[in-house]
Protein chains: 2
Amino acid sequence: MGISKTILFTAEQNTLARLAKGLAHPARIAILEYLLDSNTCCNSNLVAELGLAQATVSQHLRELKDLGLIQGTISGNTMNYCIHPEGWREASDLLIHFLGRSPFPSTCSTTC
Amino acid sequence: MGISKTILFTAEQNTLARLAKGLAHPARIAILEYLLDSNTCCNSNLVAELGLAQATVSQHLRELKDLGLIQGTISGNTMNYCIHPEGWREASDLLIHFLGRSPFPSTCSTTC
DNA sequence: CTGTTATATCGCAATATTACGATGAATTTC
DNA sequence: GAAATTCATCGTAATATTGCGATATAACAG
């Protein structure tokens with residue numbers, strides 16, 4: 001199929017999955033790391049930084065922008081991308097809250 | 001294409017992306033939430049819990065098991081699944097460390 | 001031993017993702 | 001203005017993901 005049955009799940013579960021999907025590519029991880037690290041803010045010398053074609057980088061940037069994790073502003077000829085502070089905070093808070101849970105100290109051998 | 005150019009990225013970036021991909025489906029989020037919540041530990045009444053076919057649930061469980069996030073033990077006729085404590089800890093630590101970063105307080109308007 | 005139950009896997013169909021060349025729009029440079 | 005630069009988008013090809021029915025295997029129940 002390739003289509004997820006989102007109807008079956010809670011809004012929170014779908015949101016978490018959607019955010020995780022945004023991080024589910026090394027290029028997008030690399031972009032976010034680059035933007036998180038660079039105090040000089042952003043722009044698409046990302047094309048040089050990553051080894052991908054310009055069209056591909058643009059596509060990844062769009063995904064991150066659609067998720068609200070980054071934002072871009074036009075500066076004449078070029079685009080400046082940077083982390084979207086609120087979007088990033090919200091997303092990472094949600095994911096961290098999910099990931100921060102610890103399992104009960106029960107083993108699999110426990111009968112159900 | 002559909003294939004990621006993992007060669008271009010660091011091992012850490014690929015690992016983070018692989019873990020995120022594991023979480024990139026609401027059914028897998030739901031499975032993990034269920035296993036994290038249930039002190040009774042596991043097993044595949046997950047098929048009833050989620051609204052998906054048995055084959056589909058089994059497939060999602062396999063993905064989570066391959067990532068080391070859960071583990072399963074055979075108990076006679078049935079499988080008992082539960083969170084893999086070390087695997088879950090390692091994975092969540094890696095992701096939380098990445099997500100915990102804050103952007104520099106620079107705006108996109110900063111020239112690069 | 002036979003039938004039932006629980007689960008993994010195979011094979012397939014539908015859809016999504018990834019990657020890139022080509023093209024177009026906007027802007028700068030000369 | 002003409003050429004060059006920067007970037008988004010379109011179209012397309014290759015591969016991945018999702019979902020499920022069917023089937024195989026193993027264990028249990030009678």
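Note that the coordinates shown come from a computational prediction; the quantities given were computed from them, not determined experimentally. The basis for the numbers below is simple: all heavy atoms, side chains too, and nothing from hydrogens, waters or symmetry mates. In the text below, chain A, chain B and the rest are named by the order of the sequence lines, each starting its count at 1.
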Item to check | Lys/Arg-Asp/Glu bridge criterion (N-O < 4.0 Å) met for A:Arg62, A:Asp66 | outcome: yes
Checklist entry - Along nucleotides 18-30 of chain C, 5' to 3', which nucleotides get a B, which get an S, and which get a -, given that the test is a protein heavy-atom distance under 4.0 Å? => result BBBB-----BS--
Item to check | Beyond-backbone contact of B:Leu23 with B:Arg28, side-chain heavy atoms, under 4.5 angstrom | outcome: no
Item to check | Test item: B:Leu32 and B:Ile70 side chains (from C-beta on) under 4.5 Å apart, heavy atoms | outcome: yes
Checklist outcome for this item: To the nearest angstrom, the CG-P distance between A:Asn45 and D:dC7 comes to 8 Å
Next on the checklist: What I want to find out is whether B:Glu33 reaches A:Arg101 closely enough, with some N-O distance under 4.0 Å, to be called a salt bridge.
Outcome noted: yes
Checklist entry - Between D:dG19 atom P and B:Leu46 atom CG, what is the distance in whole Å? => result 15 Å
Next on the checklist: Heavy atoms only, 4.0 Å cut-off, all strands: where does B:Thr78 land among base, sugar-phosphate and nothing?
Outcome noted: sugar-phosphate
Checklist entry - Between atom CG of A:Leu67 and atom CG of A:Leu19, what is the distance when rounded to the nearest 0.5 Å? => result 6.0 Å
Next on the checklist: Can you confirm whether more than 12 heavy atoms, excluding those of B:Leu8, are under 6.0 Å from its CG atom?
Outcome noted: yes
Checklist entry - Given C:dT9, is OP1 or OP2 found less than 4.0 Å from the side-chain N or O atoms of B:Arg62? => result yes
Checklist outcome for this item: To the nearest angstrom, the CG-C1' distance between A:Leu61 and C:dT17 comes to 16 Å
